[in-house]
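Letters go in sequence order (proteins before strands), and every chain restarts at 1. Keep in mind it's a predicted model, so treat the numbers as computed, not measured. The figures here come from the full heavy-atom set of this structure, side chains too, leaving out hydrogens, waters and symmetry mates.
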Amino acid sequence: MPTALLRLFPIFTLLLSLLAPHAQAGDAADFVAANPAKQATLLETWSAHPDAARLPLIEALQKGRLASDSNKAPFIQTDTGWQAAEGGDAQPASEPKKLPLNNRLRGLVGTAQASHQLLAKEPAVRLAAAQQLQKSAKPAQLQLLNARVASEDDDAVRDALSLALANLQLIDPDPAIRLAAVRLLGETGDPLARTRLETLLDPAVETDAGVRTAAETSLAQVKRRLLMGELLGQAFSGLSLGSILLLAALGLAITFGLLGVINMAHGEMLMLGAYSTYMVQILFQRFAPDALALYPLVALPVAFFVTAAIGMALERTVIRHLYGRPLETLLATWGISLILIQLVRVLFGAQNVEVANPAWLSGGVQVLPNLVLPYSRMVIIGFALFVVVLTWLLLNKTRLGLNVRAVTQNRNMAACCGVPTGRVDMLAFGLGSGIAGLGGVALSQIGNVGPDLGQSYIIDSFLVVVLGGVGQLAGSVMAAFGLGIANKILEPQIGAVLGKILILALIILFIQKRPQGLFALKGRVID
Amino acid sequence: MKRRPFLKATLAASTLLLSGLFPYTLQAAETIKVGILHSLSGTMAISETSLKDMALMTIDEINAKGGVLGKKLEPVVVDPASNWPLFAEKARQLLTQDKVAVTFGCWTSVSRKSVLPVYEELNGLLFYPVQYEGEEMSPNVFYTGAAPNQQAIPAVEYLMSEDGGAAKRFFLLGTDYVYPRTTNKILRSFLHSKGVADKDIEEVYTPFGHSDYQTIVANIKKFAAGGKTAVISTVNGDSNVPFYKELGNQGIEATETPVVAFSVGEEELRGIDTKPLVGQLAAWNYFQSVDNPTNKKFVDSWKAYAKAKNLPNYQTAVTNDPMEATYVGINMWAQAVNKAGTTDVDKVREAMAGQEFVSPDGYTMVMDKTNHHLHKPVMIGEVQDNGQFNVVWQTEGPVRAQPWSPYIPGNDKKPDYAVKSN
Amino acid sequence: MNQPISLTLAQKAGPKLTLGIGAVVLAILIILPLLHLLPADNSLQVSAYTLTLVGKILCYAIVALALDLVWGYAGLLSLGHGLFFALGGYAMGMYLMRESAGDGLPAFMVFLSWTELPWYWTGTQHFLWALCLVVLAPGLLALVFGFFAFRSRIKGVYFSIMTQALTFAGMLLFFRNETGFGGNNGFTNFRTILGFDITAQGTRTALFLAIVALLTCSLLLGWRLAKSKFGRVLTALRDAENRLMFCGYDPRGYKLFIWVLSAVLCGLAGALYVPLVGIINPSEMSPTNSIEAAVWVALGGRGSLIGPILGAGIVNGMKSWFTVAFPEYWLFALGALFIVVTLYLPKGVIGLLRKKGEQ
């Protein structure tokens, strides 16, 4: 029986291949059958000779949706099931296996997709494709690009295409074309153009002196633009670091700055805020997966109230008994921080937990060719300022704020005037903790969420508050942005480690000069 | 008559008190004690906790099969709290107070360096399960993780190959401690031998726990403009999340500038949203996604164990390379003890040479006859969006370890067998 | 709190009892290492583990005592004493590394491509110069930092945060491999000290005795200082610096002296700690360690000299025990201990004992 079956098998497969509509060799079948090296050549040929009909296949490749069944028949995964890649309504003979791609193939798929998209109707798609080709166009595409530049009717797309073409024309045998290409590249601020132009300065590479001189001029222009981008980038990263420091320190500016509690558990409030974000994310994933993108917004109030409640509970049970003994609060809150860290470790595990950025907080906007501003960082800068304004309003425009300031300035006098100092302490501590919780939400979007999260921010937070001047909101803001920017100016020059050491040394020196911080409370009281 | 019970009670009470104070001085003879020396608190708990659990699971498995030499294994778990001097103290305690037959533990190089003198002084036995920088071969340690030639060099060879993207420039980014330093030193010398010039190699270090990678990622972009670049990351576990997030946000893609990491495995990826990371690489000797029956059983029993013990986040439990190395190490030790017929360190050491074990990586792992390291296959995995790796390349078969890397001058004079560092 | 509790205690209990207890403790501490010299099979033998553990705790006790001098008496809470401790340790470590390296470079330098020793390693092969460094490195740093800090009258929380920043900067600096102190690994794998095998029973005994001697001397010195006029001025300075100034005293010299003394004591403790535990690395400078030292002092009782020593013993003893007995939960116990002590024992353990004594 088995032998008979075996003998029948070739006939059987032949029959099958005759019946199956997708069996004719098309692009998808070729690709599926090829080995990686052959696949690469295929993709390169496709990029040089785009065909609008091939776009669905390339898009499937790009999304990792191309698969093949046991007969090596290609299928594309759709949201509902499988569809034969060569058209028709054939069903896979077995569960199709996805085609593995390595990075090299993925890169080539990107190029192929771009050259196919040049044929698209929408100018925006063509523009994006042309910009992609500026980075990755291959010499084999020279002809294609030439043809597209000639037939393109949208100005922006044509400019972008000309640039992509210019990159390829740098090795054109005709010096006039090279010269034009070099001049064109001088108009960009693309870091790749810089490298390309630099190689032209070598007489062994570029024989024409005129082109060499033009390359020099263009290079100078490109360098100027690049420098501009770099400086802007540094300024932005300084601001971003500053806003993170500010969010980390703002809660402390209230608990430590106003109440005088050396709150070593402040870092853990940040950590709890971040874990609240994690919990909110989990709940969204489970109960409202459609609205998942909004979870950071919901996490804000949740984190605020969770940490504020914990803060108030701590104030009631522990810190309350330690007012007037500032250095001892340090020890008690240190103990609290140890307990909170280990508690989280036992509950959530010692490993970091995953807090994913929603789409609107991932990626960035390309401002200049060498400057991308990540959305998450821009949002955090805005958020930091928002929290500062909110805190300022709370402290200066509300009854609670008035009371807090009164208690800060003179506890006994305030009590005599009928301020319920105990309640004010509790609320203020809750406010400080809550703001730390808000900081935690922001931190969760750019870094780790793990039990040790708070530990890495506690020293920086204290430095910001002390440098700014205890009890001074404006001081903390200045100090945070100052530290952030100084750090980012120093880092490229002397490295991250020495930069940080130098900053610490500068802070120590600065405090010698102004022992009360940037903004000292003026007073004539002496103890 | 009344005196006796009182006497007894006093005796019992004092014994209780004593045993409370020195919990492990009274030991039962029918078990063999094994020490587990992994940080359960402090900064390293993030990585080491799962190794402790894996060790406990392996010991349970061995006990379920009847133990070793007919005796059950009794784990002694201590917490050195990520504190390096405390590692040495706990190691001494395990060896002299608890009299353990063997210790499984340590993660960081500094913790291993801290306990090494203790193990050499007291002739103890340590199994070290993590990839490391080499430059060490102690008779009292068995290294079940990778030496640099079993991880770093094949990874770079892959990056230079056509499939790996044919990288011409290399950005070596690491946390500033001895493993990245040594690895990068070896790699630089290796790259020189492949004709890569110094101007095409950039070496950058960050402090521990560095969380702001804006400047560094901007520098990578700048560097990558000069030609096909690959980033070789020896960034320590905790800093990886901010690093990868920044990479993704600044639009660096694996197809243009791949990042190959030596310290990022499945366990680390649990804390990262992997969607922006798809295509980034890691080099290890084992991935959870390796497809073979031994590994399937290994992964299943780990998931079952995590669930049974109610470990935090057991729903997403994963296995990784150091966990596999722990598993292999404990099993090999048990086999060696059975072969030697005793737990005596010198006899077990002898029995370990050439010991074989069918391991989850799909090969029969062999302990080298002389150099105390395993022969391991090297695999390059690409991050998938489900937090797993897809193996895109692997060596033909297991590679013998070269703990004394030939790319470091002076190492050619080192013996190829273990000698005490003193 | 106008005078040290231990003094009060001593007066209350009568000098004889205090002296008696002190003598017994001292005798135990001297006999302990001698018992270590017994052969291993003797039931009375004290194991190397116990000896290094107790020795380590005694080193911490010296740090606690030194911190008490500045915090308990002069009211300056330093959160950076780990730096001085580590500097002393590193100075001693340099000597030990040189000794185990012989004429060559220390091992870590060899494989990180150093070709010659940096200038600051000069002379460290000589034990005497290393000893000088043990005193000079923390001493000079404390002098410079203290001079500027006290000149601009930085005190209270500002001072604490500044010292914390200082030790953090120190940690980062030593952490860099380029700095030439072995980076994160620090120094380890020592072989001999003054030609004696570092793991030999005799060496451990001698080291232990040296630690006991240093602790005793520091305690006596602290006692003398506390009793003297100098001690009174310090206490006055802590309680009302301005009034003291109005009385015509210049507090700067007093503060600077006690500050430098405290730093040097820490350095000496660090120097003895390193050969005993066999490793020194930048984590000793981490701010956490320094905060812990403050916890020992607070737990034992500030301004009492004896208290901090007790505190160091209790916390570290508990740590050693808990990390074995309840490896996953010991931080809860430790954290709770800090909270309970600060809430209910404001004067520390020593305050509790005194209360008992009064009843």
Side-chain angles (χ1 to χ4, degrees), chain A residues 36-37 40 64 100 102-104 106-107 110 135-136 190-192 194-195 226 230 233-234 236-237 240-241 244 341-342 345-357 362-364 366 370 372 374-377 445-452 455-456 487-488 491-492 495-497 500, chain B residues 40-43 45-50 162-166 176 204-207 209-212 214-216 218-219 221-222 224-227 238-239 241-242 245-246 248-251 253-256 258 267-268 270-276 278-279 281 311-313 382 387 390 392-393:
Chain A
N102 59 28
N103 277 330
R104 177 189 176 209
R106 257 186 230 119
K135 279 189 259 179
S136 62
D190 188 352
L192 288 171
R194 174 186 176 165
T195 326
L226 284 177
E230 261 167 49
Q234 267 181 29
F236 178 78
S237 43
S240 170
L241 183 63
I244 288 158
I341 292 176
Q342 194 65 14
R345 201 173 273 144
V346 169
L347 288 180
F348 294 92
Q351 290 83 11
N352 292 333
V353 294
E354 177 191 333
V355 175
N357 296 19
S362 341
Q366 183 109 32
N370 64 338
V372 175
Y375 293 123
S376 56
R377 292 192 178 271
Q445 294 301 317
I446 52 153
N448 287 306
V449 180
D452 291 325
Q455 297 279 302
S456 41
N487 215 321
K488 284 293 147 188
E491 193 183 322
V497 190
K500 187 129 196 182
Chain B
L40 309 177
S41 54
T43 48
I46 175 176
S47 306
E48 294 192 60
T49 320
S50 56
E162 192 76 2
D163 273 341
D176 192 356
V204 171
Y205 294 97
T206 59
H210 191 65
S211 59
D212 193 284
Q214 297 183 84
T215 311
I216 285 170
N219 283 346
K221 275 176 122 171
K222 208 167 144 189
D238 237 6
S239 298
V241 178
K245 279 196 173 167
E246 194 65 39
N249 286 341
Q250 293 219 23
E253 278 163 34
T255 47
E256 286 166 36
E267 191 72 35
E268 285 75 19
R270 274 170 90 183
I272 310 183
D273 171 24
T274 48
K275 275 168 223 82
V278 172
L281 306 163
L311 300 181
N313 296 328
E382 270 185 10
N390 173 30
V392 290
W393 180 87

Legend entry - Max heavy-atom pair count under 4.5 Å with chain B, selected residue of A/Glu354, A/Gln455, A/Lys500: A/Glu354

Inset, instruction - Against chain B, label A/Ile446 side chain, backbone, both or neither, depending on which of its atoms sit under 4.5 Å from a heavy atom there. - result: backbone

Inset, instruction - For the residue pair B/Lys222 and A/Asn370, establish whether any side-chain heavy-atom pair is separated by less than 4.5 Å. - result: no

Legend entry - B/Thr215 side, atom OG1; A/Glu230 side, atom CD - distance, nearest 0.5 Å: 11.0 Å

Inset, instruction - List the steps and the verdict of side-chain contact (heavy atoms from CB on, under 4.5 Å) for B/Ile46 and A/Asn448. - result: CA-CA 11 Å; B/Ile46 175 176; A/Asn448 287 306; over 6 Å; no

Inset, instruction - Locate the shortest heavy-atom distance separating A/Val355 from B/Lys245; write the atom from each residue and the value. - result: O-NZ, 3.2 Å

Legend entry - Which atoms of A/Asn357 approach chain B - backbone, side chain, both or neither, heavy atom under 4.5 Å: both

Inset, instruction - Decide yes or no for A/Arg106 and B/Glu253: does some side-chain heavy atom of the first lie under 4.5 Å from some side-chain heavy atom of the second? - result: no

Inset, instruction - Return yes if some donor-acceptor pair links the side-chain N/O of A/Asn103 with the main-chain N/O of B/Gly279 below 3.5 Å, else return no. - result: yes

Legend entry - Note, B/Glu246 side chain near A/Pro374 side chain (heavy atom, < 4.5 Å): yes

Legend entry - Flag side-chain contact, heavy atom, 4.5 Å: B/Gln214 against A/Ser240: yes

Inset, instruction - Against chain B, work out which of A/Arg194, A/Gln445, A/Gln234 has the most heavy-atom pairs shorter than 4.5 Å and name it. - result: A/Gln445

Legend entry - Separation between CD of B/Glu382 and CG of A/Asn102, rounded to the nearest 0.5 Å: 6.5 Å

Legend entry - Interface moiety of A/Ser456 toward chain B, non-hydrogen atoms closer than 4.5 Å: neither

Inset, instruction - Considering only heavy atoms and a distance below 4.5 Å, find which of A/Ser136, A/Gly233, A/Pro36, A/Ser237 pairs most often with chain B. - result: A/Ser237

Inset, instruction - Report the C-alpha distance between B/His210 and A/Val497 in whole Å, list the side-chain angles of each, state the deciding distance to 0.1 Å, and finish with yes or no for side-chain contact (heavy atoms from CB on, under 4.5 Å). - result: CA-CA 9 Å; B/His210 191 65; A/Val497 190; over 6 Å; no

Inset, instruction - Check step by step if side-chain contact (heavy atoms from CB on, under 4.5 Å) holds for B/Asp212 and A/Lys488. - result: CA-CA 10 Å; B/Asp212 193 284; A/Lys488 284 293 147 188; 2.6 Å; yes

Legend entry - Check: A/Gly363 main-chain N/O paired with B/Asn249 side-chain donor or acceptor under 3.5 Å: yes

Legend entry - chain A contact via B/Ala218 - side chain, backbone, both or neither, heavy atoms under 4.5 Å: neither

Legend entry - Minimum-distance pair of heavy atoms, taken over all atoms of A/Gln342 and B/Leu40: NE2-O, 4.3 Å

Inset, instruction - Mind listing the closest non-hydrogen atom pair of B/Ser41 and A/Arg345 along with its distance? - result: CA-NH1, 3.2 Å

Inset, instruction - Please flag which part of A/Val346 lies under 4.5 Å from any non-hydrogen atom of chain B: side chain, backbone, both or neither. - result: backbone

Inset, instruction - Would you indicate whether the side-chain heavy atoms of A/Val372 and B/Lys221 approach each other to under 4.5 Å? - result: yes

Inset, instruction - Flag the one option from B/Glu162, B/Glu256, B/Gln250, B/Glu267 with the top tally of heavy-atom pairs under 4.5 Å to chain A. - result: B/Glu162

Inset, instruction - Tell me, with the steps shown, if B/Asn313 and A/Gln351 meet side-chain contact (heavy atoms from CB on, under 4.5 Å). - result: CA-CA 9 Å; B/Asn313 296 328; A/Gln351 290 83 11; 5.9 Å; no

Inset, instruction - Compare every heavy atom of A/Gly447 with every heavy atom of B/Val241, then report the nearest pair and how far apart it is. - result: CG1-O, 3.5 Å

Legend entry - Heavy-atom closest contact (A/Ala350 atom, B/Ala45 atom, distance): CB-O, 3.5 Å

Legend entry - Proximal component of A/Ile341, with respect to chain B [non-hydrogen, under 4.5 Å]: neither

